[in-house]
Amino acid sequence: MPNASAERIQLEVRCEPRLARLVRMTAANVAALSSMSVDRIEDLRMAAEEAFIYACTVEPDEAIRIAFDVDAEHVSMDFDLGEVDLASVDGAPEAAYADLILTAVCDSYAKDENPTRLHLELKADV
């Protein structure tokens, strides 16, 4: 849940891997609104791309909504995955790789149900 001082930015994009750069660059621009260092912005870009690629494996050719909440101290991202049973895709190599990267890079990473989404949070380091 976003805090009262956070600004919300939403992006809707079709789940096609060739659009990952769009998601990655949007995440970097959102991160620039916080007090993140260049290295931390790169972490956020990587997390956004990995989460998007994961979404492409579970919702191919569907449109996905990504909500960014940003303030001076953090950026959170919610990837709305629609009506997907996450247990059915967790064994896939793409899911395991995404879990590994997202757990390592994010301060908080969760797969939520009802609604089904990926929730990522990265704190500013400056």
Verify side-chain contact (heavy atoms from CB on, under 4.5 Å) between Val75 and Leu33, making sure each step is shown before the conclusion. CA-CA 9 Å; Val75 175; Leu33 299 172; over 6 Å; no
Once rounded to the nearest 0.5 Å, what's the spacing between atom [atom1] of [X] and atom [atom2] of [Y]?
X      : Y      : atom1 : atom2 : value
Glu50  : Tyr109 : CD    : OH    : 10.0 Å
Glu62  : Asp80  : CD    : CG    : 11.5 Å
Cys106 : Glu121 : SG    : CD    : 9.5 Å
Asp39  : Asp125 : CG    : CG    : 7.5 Å
Leu102 : Glu49  : CG    : CD    : 11.0 Å

Checking side-chain contact (heavy atoms from CB on, under 4.5 Å) between Phe79 and each of Val58, Thr116, Ile66, which is the one that passes? Ile66
Cluster overlap Leu118 with Leu22, hydrophobic side-chain contacts below 4.5 Å: yes
Salt-bridge contact Arg8-Asp69 (side-chain N to carboxylate O under 4.0 Å): yes
Minimum side-chain heavy-atom gap [X]-[Y] below 4.5 Å:
X      : Y      : result
Leu120 : Ser108 : no
Lys123 : Glu73  : no
Leu44  : Met36  : yes
Leu122 : Arg40  : yes
Ile64  : Glu12  : no
Phe68  : Asp78  : no
Leu11  : Arg65  : no
Lys111 : Arg117 : no

So which heavy atom on [X] is nearest to which on [Y], and how close?
X     : Y      : value
Met77 : Ala47  : CE-CB, 4.2 Å
Asp43 : Val105 : O-CG1, 3.3 Å
Ile41 : Ala31  : CG1-CB, 3.8 Å
Asp71 : Ser34  : O-CB, 3.1 Å
Glu16 : Cys56  : N-SG, 3.6 Å

Hey, does the side chain of Thr103 reach the backbone of Leu100 with a donor-acceptor pair shorter than 3.5 angstrom? no
Kindly determine whether Leu19 and Phe52 satisfy side-chain contact (heavy atoms from CB on, under 4.5 Å), including the steps that lead there. CA-CA 9 Å; Leu19 299 176; Phe52 180 71; 4.3 Å; yes
Looking only at side chains, do Tyr54 and Asp99 share a donor and an acceptor under 3.5 Å apart? no
